[in-house]
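Have a look at the structure below, then the notes.
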Amino acid sequence: MAEIEREAMEYDVVIVGAGPAGLSAAIRLKQLDADLNVVVLEKGSEVGAHILSGAVLDPCGLDALIPDWKEKGAPLNVPVHEDNFYMLGEAGKIRIPNAPMPPLMNNHGNYIVSMGNVCRWMAEQAEELGVEIFPGMACSELVYGDNGEVKGVVAGVFGLEPDGSYGPGTEPGMELHGKYVFLSEGVRGSLSKEVIAKYDLSAGKEPQKYGVGMKEIWEIDPAKHKEGTVTHTMGWPLGSNAGGGSFIYHLENNQVYVGFVVHLNYKNPHLYPYMEFQRFKHHPMVAELLKGGKRVAYGARAITEGGWQSMPKLVAPGVALLGCSAGMVNVPRIKGNHNAMLSGKAAAEAAYDAIKADRSGDELTAYETDVREGPIGSDLKKVRNVKPLWSKYGLTASLVLGGMDMWTNTLGFSLLGTLGHGKNDALSTEEASKHQPIDYPKPDGTLSFDRLTNVSFAMTNHEESQPCHLKLTDPDIPVKVNLPKFDEPAQRYCPAGVYEMVEDEEGPRFVINFQNCVHCKTCDIKDPSQNITWTTPQGGDGPNYPNM
Ligand SMILES: Cc1cc2nc3c(=O)[nH]c(=O)nc-3n(C[C@H](O)[C@H](O)[C@H](O)COP(=O)(O)OP(=O)(O)OC[C@H]3O[C@@H](n4cnc5c(N)ncnc54)[C@H](O)[C@@H]3O)c2cc1C
């Protein structure tokens, strides 16, 4: 194929992804120097369209970035008033008292927010400072300089032919070059994955770990709505089949976020995370809350869970990994937005100093140091053993041991050192023959819904004539390997019903309905043969979350 000719635009800093990490970096750069040229590229049709984490936000990141956020009208309207934690059985529940929990688990001082709306507000702040933000622009390739440094990205390729070639209607996009490129793509970013592999940034680190998080927004009976209440549960329905749990957050306007996270290191390939979520809503405590209400939105996204010991090296020549591109979620708190914001601020400060010193295209080591030795490192380090303890010893033991370890870490030491995570999540999957299939009740259409109906509430959309963005390294593996060995778990782990095994006259056939994809990235993580690569489809495609 002939070399593609593209226009190039020069910036000081090019930022990929308008989540809390990328937007914080953009804001901080312009706060430090209004003359810096900063661009943010976002694959969603608008800022916030792909943001899922409706969320209890620890405002420490925002406090550091925009101390007068209240006066500036940030949409943090619902302070947490009540914090509940339950262990569920099939019909009952046991309340875990707050008192023995380490202080870091306390949600008082935090806010229940729509992170989509917080990002929309942050984008306004950034634009007022002069940041250029381009939504609907997917960054599909990295551009490397002569010395092997990351020099920029290719964004805005539209209208590829179905086979991926360039046709008469193809817009080749443009190159955006920067003295530094910030990758703030969130969990399992596709360009971040390339950078981590190319520069071997995970060398000597534990494998990254993940969960898949699914969420619905419900409008409920006002008599049952308790604005500011946060509830977390563990136990039923997952039991010993997988780690994970639920969250129920009462926000404004009689709305409730109901979400469920399943850790992706589960062994039984018959497990069906989406159906676990649907089943969870039939627990008497949840069913009673939702009865008479209606589900108004649905979405899903993977969440990073590896924490401190899995964070790769954060910098390579010309490039830095921000927020969940590097995995900065504090797992027991289920919070990563504050660290995403702090990382954006830290990366911006390092880039500002470097640019002032006439540097470009090198490693921003000051950023790495700030993350590891500053507030992010301290937040993640304290909880580093919770996830490995859970994976190794199960829920109850991890509650006790993890709780004790968080307490001692709060006091400045750990009796356990730093525990490892073991295998990555794909390799944790065991053969189907070793496990019993799980019988899931049929959704009732009132409290629980079939997957495709729910996906229509993610308002996801993909131009059908483009190439499938879910690439199989070997197209034969689903039928020849994954089906006989693992009962092809893609049929179940995908929370959007993208993958199907259909029976033809010639036998089973693997079908990829990429149009349904909600960009959660679970397939890229959990496929036991590691045969699926999530690449970015053209800009503007994907979910259109309202106020998730
Ligand atoms: C179900 C669930 C519940 C959660 N609950 C909470 C909570 O209550 N509190 C909390 O603090 N955290 C929570 N988190 C974690 C939180 O979502 C993350 O820590 C946070 O989103 C990380 O921010 P980020 O800016 O790094 O990435 P993201 O918020 O994921 O933003 C990345 C952005 O980059 C864009 N992008 C990605 N790739 C490209 C590309 N190649 N080109 C252009 N654009 C691109 C995406 O569309 C997206 O807009 C939750 C996560 C999940 C999944």
Side-chain angles (χ1 to χ4, degrees), residues 44-45 48-55 114-116 187 211-220 233 237-238 242 244-249 251 254-262 264 270-283 286-287 289-303 438-462 470 489-501 511-523 525-526 534 537 541-548:
S45 59
H50 290 183
I51 299 293
L52 181 88
S53 81
S114 152
M115 267 320 284
V187 53
V212 53
M214 296 148 284
K215 200 177 96 189
E216 294 170 358
I217 305 182
W218 279 72
E219 277 167 14
I220 63 162
T233 74
L238 289 173
S246 82
F247 56 91
I248 303 174
Y249 303 153
L251 59 157
N254 299 318
Q255 289 195 329
V256 177
Y257 293 135
V258 184
F260 200 80
V261 176
V262 176
L264 286 173
H270 300 294
L271 192 110
Y272 195 157
Y274 174 82
M275 292 304 279
E276 296 286 345
F277 175 31
Q278 297 307 305
R279 186 150 73 152
F280 157 75
K281 289 182 287 169
H282 288 270
H283 188 278
V286 190
L289 176 74
L290 301 181
K291 209 163 78 190
K294 67 172 182 192
R295 169 268 280 113
V296 294
Y298 168 76
R301 183 88 162 100
I303 179 168
I438 303 170
D439 192 18
Y440 291 100
K442 213 170 158 306
D444 68 358
T446 309
L447 272 180
S448 47
F449 311 99
D450 68 77
R451 202 166 38 175
L452 290 184
T453 305
N454 236 354
V455 171
S456 69
F457 283 77
M459 273 77 70
T460 195
N461 178 50
H462 290 82
L470 304 156
Q491 303 175 86
R492 292 172 294 283
Y493 62 60
C494 171
V498 167
Y499 301 98
E500 272 182 286
M501 207 40 102
V511 176
I512 305 179
N513 304 299
F514 75 86
Q515 302 84 344
N516 291 355
C517 178
V518 293
H519 297 200
C520 76
K521 321 269 177 90
T522 302
C523 52
I525 297 162
K526 186 62 178 167
W534 193 99
D541 285 357
N544 283 286
Y545 295 135
N547 57 343
M548 295 290 244

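Computed over heavy atoms, backbone and side chain alike; hydrogens, waters and symmetry mates excluded.
Looking at Arg451, its side chain does come within 3.5 Å of a backbone N or O of Cys494 through a donor-acceptor pair. One N or O on the side chain of Asn544 and one on the backbone of Met459 form a donor-acceptor pair closer than 3.5 Å. Looking at Lys215, its side chain does come within 3.5 Å of a backbone N or O of Leu52 through a donor-acceptor pair. Side-chain atoms of Lys521 do not come within 3.5 Å of backbone N or O of Trp534 as any donor-acceptor pair. In terms of modelled atom types and a separation under 3.5 Å, the side chain of Glu219 and the main chain of Lys294 share no donor-acceptor contact.
Closest of all the heavy-atom pairs between Cys517 and Thr460 is O-OG1, 2.8 Å. Ile525 and Ala302 get closest at one heavy-atom pair: CD1-CB, 3.8 Å. Between Pro273 and Arg492, the shortest heavy-atom distance links the atoms CD-O, 3.6 Å. Here the shortest heavy-atom pairing between Phe260 and Ser246 reads CD1-CB, 3.8 Å. A pairwise comparison of heavy atoms in Glu500 and Asn513 identifies OE1-ND2, 2.8 Å as the closest pair. The two atoms that bring Lys526 and Leu264 nearest to each other are NZ-O, 2.8 Å, heavy atoms only.
For the atom pair Lys291 NZ and Ile220 CD1, the distance stands at 13.0 Å (nearest 0.5 Å). Here the straight-line distance linking atom CG of Asn461 with atom CG of Asn516 works out to 11.0 Å at 0.5 Å rounding.
You'll find the side chain of Leu271 reaches within 4.5 Å of the side chain of Val262, heavy atoms only. Two residues are said to be in side-chain contact when any heavy atoms from C-beta on lie closer than 4.5 Å; Tyr545 and Arg301 fail this criterion. The shortest distance between side-chain heavy atoms of Ile217 and Phe457 does not fall below 4.5 Å. Side chains of Trp218 and Val296 form no contact here, defined as non-hydrogen atoms less than 4.5 Å apart. Counting heavy atoms from C-beta outward, Val212 and Tyr493 have side chains that stay 4.5 Å or more apart. Within the 4.5 Å cutoff, the side chain of Tyr440 has no heavy atoms near those of the Pro237 side chain. Under the 4.5 Å side-chain criterion, counting only non-hydrogen atoms from C-beta, Ser45 is not in contact with His50. Between Glu216 and Phe277 there is a side-chain heavy-atom pair separated by less than 4.5 Å.
The side-chain contact (heavy atoms from CB on, under 4.5 Å) with Phe280 is formed by just one residue from the set Leu447, Leu238, Val258; it is Val258. Remark: of the listed residues Arg295, Lys442, His282, His282 is the sole one forming a side chain to side chain donor-acceptor pair (under 3.5 Å) with Ser448.
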Assess whether side chain to side chain contact (heavy atoms under 4.5 Å, CB included) is satisfied between Gln278 and Asn454, documenting all intermediate values.
-> CA-CA 10 Å; Gln278 297 307 305; Asn454 236 354; 3.6 Å; yes

Test Cys523 against Val498 for side chain to side chain contact (heavy atoms under 4.5 Å, CB included), laying out the working first.
-> CA-CA 10 Å; Cys523 52; Val498 167; over 6 Å; no

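Ring geometry, Tyr272 versus Tyr274: the interplanar angle falls from 30° to 60°, so the pair is classed tilted.
By the side-chain hydrogen bond (donor to acceptor under 3.5 Å, both in side chains) test, His519 is found to be paired with Lys43, His462, residues two or more places apart in sequence or in another chain being considered.
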